[in-house]
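All residue numbers in this chain count up from 1 along the given sequence. Not measured: the values here are computed from a predicted model.
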Amino acid sequence: MEVMQVLHMNKGAGETSYATNSTVQSNIISTAKPVTEEAILDIFNNVLPESVGIADLGCSSGPNTLLVVSEILDVIYAKWQQLGRPCSPEFRVYLNDLIGNDFNNVFGSLPAFYNKLKEEKGSEFGPCFISGVPGSFYGRVFPSKSLHFVHSSSSLHWLSQVPPDLESKDGRGSWNKGKIYISKTSPDCVLEAYSSQFQKDWSVFLKSRAEEIVGGGRMVLSFMGRRSTDPRSKEGCYQWELLARALMSMVSEGLIEEKKVDSFDAPYYAPSPEEVKFGIYKEGSFILDRLEMFEIDWDGGDGDNYDATPTSSTLSNGARVAKTIRAVVESMLASHFGGDVMDGLFQRYGEMVGDHLAKTRAKYINLVISLVRKV
C-alpha cells in the first residue's frame, strides 16, 4: 500500500465525511490550546518579525482546519496589540497535507474566512496569505528558515509507510495473521518493526523541520500515543483490535478473504513518551520544552457524564465512534478490501465498540509536545 497515495480523510460534507465526524480531533485541538498559546507568545517575547511564517501540518479539511489558523492568528494579533505596535505583521500561512486531501473544500471556505478576519480585526490586520502545500511532511516541504511556528494535530501517528518487516522471509506470510495492527498476541518482531519505522520517520520529520524553522521558532505537535512502555497495551491499540475482529467476522461469513486481512497492516504507531523523547534527543535540533499527556473519550463526548450501564445511548456511541474512525481510515481500507464492504464493516465495528463502551470507559491517550528550534 502506497500510504501517500491512498491516505486521506473522507471528503466533502456528507454523513461519512471527516468534516462531519471530527469532534474527537476538535477536542484534541482544544485540549492542546494552552500549550499552543504559550509557545506562540514565547516566540514573540524575543522577536518581532515583519512577516510571520506559520504552517499547519496534516491540516485535513472541514471546520478544524481554519479553526486552528484562526486561533493562532488571534494569539499573535493580541500580542501585537499588547505591545502597542501600530499594525500587525504580514502572515504567511501554509496548510499542508497529503495529495489526496480535500484542498478544494478548504479553498472554498477561504473567502468567508478572509471576510471574517476583516470584520473582526479591521484594516490594520495583516495582510494574511493562506496557501495549500500538498506533500508528505516526512521530508522537506517549505523553504529554509521560512517558518516561525509549526502546528500539527492528529497526524504524526501516521507513518510514512507500512513497516517493511511484517512478513516472514521464508514464505510463511504475515507475522501478524488476523490482525491489522499491534495486538496483545503480536510477536516481538512486529513490535520492533513498528517502533523502528516510527523512529525513522520521527527523525526525518525533525530534521526536515529543523531546516525550515528559524532559530528560536516553535513547534506544537499533538498525536495519539500511550502511557505504557508496552506497545501491546490496550490504550494504544484496542481500537484497531476491534476493527480487526469486525474484519474477521466478515471473513467467517465469506464476505472478505482471510488473506486480504493478513496482508493489511495499518501505517500507524502510537508511541510512548520515552520513544518521543529519545528521537528528539538523538536528532538534536530541538529543545523539548513541554510534553504532556491527555485523555480523550473515544466518542468525543463528555467523560464527566459517563455511564457504563448498557443502553441505546452507549450503542449509539459505538456508532458515533465507528463514524469517526471510518472518516479517517476508509480510504485505506476501501483501496485494499473494496468499497462495497465498507457499510457492513463499520456497522459491525460500531456494534463491537458499543459493547466495549458498555463495559468500560474507553479513552485515547494524546501526547502534546512543545519544541524550540535551537539557535
Checklist entry - Judged by modelled atom types alone, do Arg348 and Ser249 share a side-chain donor-acceptor pair under 3.5 Å? => result yes
Checklist entry - Between Asp42 and Lys79, is there a salt bridge with N-O shorter than 4.0 Å? => result no
Item to check | Shared hydrophobic cluster for Val372 and Ile43 (ILVMFWY, side-chain gaps under 4.5 Å) | outcome: no
Next on the checklist: To check you understand the geometry: which heavy-atom pair defines the closest contact between Ala55 and Leu147, and what is its length?
Outcome noted: CB-CD1, 3.9 Å
Item to check | Rounded distance [0.5 Å steps], CD in Glu351 versus CG in Asp355 | outcome: 8.0 Å
Item to check | Ring center gap for Phe44 and Trp80 short of 6.0 angstrom | outcome: yes
Item to check | Sidechain N-carboxylate O distance under 4.0 Å for Lys184, Asp230 | outcome: no
Name the atoms and distances for all side-chain donor-acceptor pairs under 3.5 Å in residues 255-262, with sequence neighbours left out.
unit_1: Lys260; atom_1: NZ; unit_2: His336; atom_2: O; d: 3.0
unit_1: Asp262; atom_1: OD1; unit_2: Gly178; atom_2: N; d: 2.8

Checklist entry - Only one of Phe137, Phe129, Phe142 forms a ring pair (Phe, Tyr, Trp, His ring centres under 6.0 Å) with Tyr94, so which one is it? => result Phe142
Item to check | Sole residue of Arg218, Arg290, Glu38 in side-chain hydrogen bond (donor to acceptor under 3.5 Å, both in side chains) with Ser370 | outcome: Arg218
Checklist entry - Looking only at heavy atoms, which two atoms of Pro187 and Arg232 are closest? And how far apart? => result C-NH2, 3.8 Å
Checklist entry - In terms of the angle between their ring planes, are Tyr268 and His157 parallel, tilted or perpendicular, with boundaries placed at 30° and 60°? => result tilted
Checklist entry - Centre of Phe205's six-membered ring, under 6.0 Å away, within 45 degrees of the axis: is that where NZ or CZ of Arg209 sits? => result yes
Checklist entry - Does the pair Arg245/Glu241 count as a salt bridge with the N-to-O cut at 4.0 Å? => result yes
Next on the checklist: Testing the 3.5 Å rule here: is there a donor-acceptor pair between the side chains of Thr229 and Ser272?
Outcome noted: no
Checklist entry - For Val106, does its backbone N or O pair with a side-chain atom of Ser109 as donor and acceptor, under 3.5 Å? => result yes
Checklist entry - Between Leu98 and Ser136, what is the shortest heavy-atom contact and its length? => result CD2-CA, 3.8 Å
Checklist entry - How are the rings of Phe337 and Phe264 set relative to one another: parallel (under 30°), tilted (30 to 60°) or perpendicular (over 60°)? => result tilted
Checklist outcome for this item: In terms of heavy-atom contacts, Ser60 and Asp97 come closest through N-OD2, 2.7 Å
Checklist entry - Should the heavy atoms of other residues, nucleotides or ligands under 6.0 Å from NZ of Lys121 be counted, would the total exceed 12? => result yes
Checklist entry - Regarding Gln197 and Asp201, is there a side-chain donor-to-acceptor distance under 3.5 Å anywhere? => result yes
Checklist entry - In terms of side-chain geometry, is the basic nitrogen of Glu274 or Lys277 positioned less than 4.0 Å from the acidic oxygen of its partner? => result no
Checklist entry - Can Phe278 be reached from Leu156 by stepping across I, L, V, M, F, W or Y side chains whose heavy atoms are under 4.5 Å apart? => result no
Next on the checklist: Which residue is it: Val368, Leu221, Leu291? I am looking for the one with a side chain to side chain contact (heavy atoms under 4.5 Å, CB included) to Val35.
Outcome noted: Val368
Checklist entry - Checking His148 side chain against Gly217 main chain: does a donor-acceptor pair fall under 3.5 Å? => result no
Checklist entry - Between Ser186 and Ser183, is there a donor-acceptor pair closer than 3.5 Å when you use the side chain of the first and the backbone of the second? => result yes
Checklist entry - If you count the non-hydrogen atoms of other residues, nucleotides and ligands that lie under 6.0 Å from OH in Tyr114, is the total more than 12? => result yes
Checklist entry - Going by the angle between their ring planes, with limits at 30° and 60°, are Tyr181 and Trp240 parallel, tilted or perpendicular? => result tilted
Checklist entry - Looking at Glu295 and Arg227, does any basic side-chain N land under 4.0 Å from a carboxylate oxygen? => result yes
Item to check | Salt-bridge present (Arg226, Glu275; N to O < 4.0 Å) | outcome: yes
